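Below is one structure; the comments refer to it alone.
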Amino acid sequence: MPDSILKPINRFDGYLPIEDYGLIGDGVTAALIGRDGAVAWLCLPRFDSPPLFCSVLDHARGGAFRIVPDGLHESAQYYEPDSAVLVTEMRCSEGVLRVRDCCPLIAGADLSEDVSVTRRELLRSLTVMEGTVRVTIEMEPRGGAEAEPREGGLRIRCGAQPDLCLHLYSTVRLVGFRTSVTLKAGQSVHLLLNWRQSSSPTAEFDLERLREDTTAVWRRWISRLDYHGPQESLIRRSAITIKLLDHFENGAIVAAPTSSLPELIGGSRNWDYRYAWVRDAAFSVYALHRVGLSHEAAGFLGWVLDAVERDGTPRVMYDLDGQMPPEEREDGELEGYRRSGPVRWGNAAAAQHQHDVYGEILDCAYQWAAHHGAIPGPLWERLRKLADAAAREWRTPDHGIWEVRTSGRPFTYSAAMCQVALDRAARMAERFSLPGPCQTWRHTADEIRQAIMKEAWDEKAQSLTEHLGGGGLDASLLTLPLRRVLKADHPQMVATTRAISERLGTGGGLLYRYLPEESPDGIAGHEGAFLLCSFWLVDNLAKQGRLDEAVELYNSLCSRAGTLGLLPEEIDPSTGAFLGNYPQAFSHIGVISSGVNLSRLLRKAGRAV
């Protein structure tokens, strides 16, 4: 076993800590598997489908696919190196059980191509490493199910999803949804759950080969990663984690694979993140691009611009097909993680206006074009329309990056990203001799920059504020130097960095996004510290010449990752516990982007990385 340390399994209110789950997936869906051996989250057939298992949201009624060894004392999890194959080792009173989980991929697949590589399967392999272990295999789909014996396993029909056809194959005879078997050292059981409409008996598959082929596919993809700097192993794991949130076939990237994991235990800030936010996806492909994994940018650009063309204007988020996500609704049947209800499906923010999307798309296009050296004419026609929209909309109130559920305000971040849209449009037009009103775009971009410095500046607070005309502090303003709206060492940015650190800081380098009492968001309660904001702080410190502080903070933030190298959306400042949907693309974006920034600045300073 690698450096993982066996630990006792502790539950709180009947639930494992969020950090005690590992992620596997296949570019269409993803599963969370706990240190107790349970698949506690799996939506089928894809990320944004109803959950087959969601015991992470209700341990009694959510359903799970459990591997339960007798006399379990402690366990540990780790990934097979450079892969999405998860290993859970469980020490029991009479022996040690190893469970290896993965979602098999088509042998020889290339993850840099926009094609589906899923086999629509979940493979679970159980092996006793020491002693003798009695194991119970339990499957409990949410909403109940019926099982029919079939050659090599079971055919399963789910009450909640009658159109979903499941087959569970096993190398031991299964007795319905609960089977117990005693295994000695060296003995194994393989379980293959598939959700294809047609299926073949497990005897036709070499199950060990399925896992080996899947590992090879992941290692081929990650071998293209180009990074030499701080926290290299975590950078590699972050890249794989972001890729696990990618819908391989069309380039959509979900913000997180889960819904309704709370931003505060007992609170109601619980949201469905299984959709593709333009902002989050753009951040993701930019992070991957910076470590040499550039193909994802082309896939995302094609996907989002097809969606924009279909609707006539960019939306905040889309489902995996580029359509409007379902209306937000509350699920009264599930109690929520640690009784933190409500559980929500769908997301009402999909109907909001957030003008930063113009800048997200155009900045992504700019980075992609700089790498590929050209912008095709049809693509440019679609992009210039977005630049013109940014020029019209930058003063129009919207709901901002944090998706407030109040009336709109002219958020500074949104205006800044409109400036980015215009700046990048002008740069692309000039660099590639493309048609467009470059001087007008540049003039408006400068007008926006001046408005931010004048209208968002609060002399008393000595900081830029959340919207034009003044307001509370907003940690998203730390992105202005990262998007080249203002320089990091501009006096206003230095002062803003100081103010955010002091007034939004929670200790240990953690930051709140904003203070709801100063910046009303229309939502009751509070939340944890938002990890990405702290990575933005790292970048500002580094660019202001405070390199030692930046490195110290970066390493501190990276140390908060779980033993698997996974990070949540938020951290509870008082306990360090994980909060919010998990794992969160935003947080892993921060790991990569800040690592790249630090490695470049350390080299520039002549220091070892």
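If you're wondering where the values come from, they're calculated on a predicted model, not measured in any experiment. Position 1 is the first residue of the sequence; numbering continues from there.
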For [Y], is there an ion pair with [X] - N to carboxylate O distance below 4.0 angstrom?
X	Y	value
Arg344	Asp331	no
Arg119	Asp26	no
Arg124	Asp101	yes
Asp36	Arg11	yes
Lys7	Glu74	no
Arg290	Asp226	no

Quick one: closest heavy-atom pair of [X] and [Y], and the distance?
X	Y	result
Pro45	Val28	O-CG1, 3.3 Å
Pro257	Leu23	CG-CD1, 3.9 Å
Ala147	Leu154	CB-CD1, 4.2 Å
Leu207	Leu123	O-CD2, 3.5 Å
Met324	Asp319	O-OD2, 4.2 Å
Leu166	Leu193	CB-CD1, 4.2 Å

Are more than 12 heavy atoms, taken from residues, nucleotides or ligands other than [X], located less than 6.0 Å from that residue's [atom1] atom?
X	atom1	answer
Arg211	CZ	yes
Arg61	CZ	yes
Arg209	CZ	no
Gln323	CD	yes
Gln187	CD	yes
Glu208	CD	yes

(message) Could you check, using the six-membered ring where one of them is a Trp, whether Trp303 and Tyr318 have ring centers closer than 6.0 angstrom?
(response) yes
Which value, rounded to the nearest 0.5 Å, describes the distance between [X] atom [atom1] and [Y] atom [atom2]?
X	Y	atom1	atom2	result
Cys103	Glu121	SG	CD	9.5 Å
Cys102	Trp218	SG	CH2	11.0 Å
Phe65	Ser55	CZ	OG	12.5 Å
Ile18	Phe578	CD1	CZ	8.5 Å
Ile242	Ser284	CD1	OG	5.0 Å

Using a 4.5 Å cut-off on heavy atoms from C-beta on, say whether the side chain of [Y] contacts that of [X].
X	Y	result
Val133	Thr182	no
Glu296	Lys243	yes
Leu225	Leu293	yes
Arg46	Asp321	yes
Leu174	Leu168	yes
Glu403	Arg279	yes
Leu52	Cys158	yes
Cys364	Phe300	yes

(request) Given side-chain contact (heavy atoms from CB on, under 4.5 Å), test Leu210 with Asp206 step by step and report yes or no. (result) CA-CA 6 Å; Leu210 278 182; Asp206 181 339; over 6 Å; no
Consider only side-chain N and O atoms of [X] and [Y], and report whether a donor and an acceptor are under 3.5 Å apart.
X	Y	result
Ser180	Thr136	yes
Tyr582	Glu19	no
Ser125	His190	yes

Keeping the roles fixed (side chain from [X], backbone from [Y]), state whether a donor-acceptor pair exists under 3.5 Å.
X	Y	value
Asn270	Ser340	yes
His588	Thr241	no
Arg269	Gly525	yes
Ser83	Glu80	yes
Ser238	Ile592	no
Asn194	Arg120	no
Thr214	Leu105	yes
Gln77	Ile33	yes
Arg274	Ser49	yes

(request) Assess whether salt bridge (Lys or Arg N to Asp or Glu O under 4.0 Å) is satisfied between Arg150 and Glu148, documenting all intermediate values. (result) CA-CA 6 Å; Arg150 289 292 172 96; Glu148 301 175 24; 3.4 Å; yes
(request) Apply the side chain to side chain contact (heavy atoms under 4.5 Å, CB included) test between Ile253 and each candidate in Asp280, Leu320, Val285; give the one that qualifies. (result) Val285
Only counting residues at least two apart or in another chain, list the ones meeting salt bridge (charged side-chain N to carboxylate O under 4.0 Å, His left out) with [X].
X	result
Asp114	none
Arg134	Asp70
Glu333	Arg142

(request) Start with the C-alpha gap between Arg178 and Glu138, add the side-chain angles, then the distance that decides, and say whether salt bridge (Lys or Arg N to Asp or Glu O under 4.0 Å) holds. (result) CA-CA 5 Å; Arg178 192 174 192 275; Glu138 297 180 354; 3.0 Å; yes
(message) Determine whether Thr132 and Leu183 satisfy the following criterion, side-chain contact (heavy atoms from CB on, under 4.5 Å), listing intermediate values before the conclusion.
(response) CA-CA 6 Å; Thr132 300; Leu183 301 175; over 6 Å; no
(request) Using the side-chain hydrogen bond (donor to acceptor under 3.5 Å, both in side chains) rule, take Glu569 and Tyr273 through it: C-alpha gap first, then chi angles, then the decisive distance, then the call. (result) CA-CA 11 Å; Glu569 180 183 34; Tyr273 276 15; 2.8 Å; yes
(request) Find out whether the Lys NZ or Arg CZ of Arg35 is both under 6.0 angstrom from the six-membered ring centre of Tyr21 and within 45° of the ring's axis. (result) no
(message) Could you go through Arg98 and Glu89, starting from their C-alpha distance and side-chain angles, then the distance that decides it, and tell me whether this counts as salt bridge (Lys or Arg N to Asp or Glu O under 4.0 Å)?
(response) CA-CA 4 Å; Arg98 173 182 292 169; Glu89 296 212 356; 2.7 Å; yes
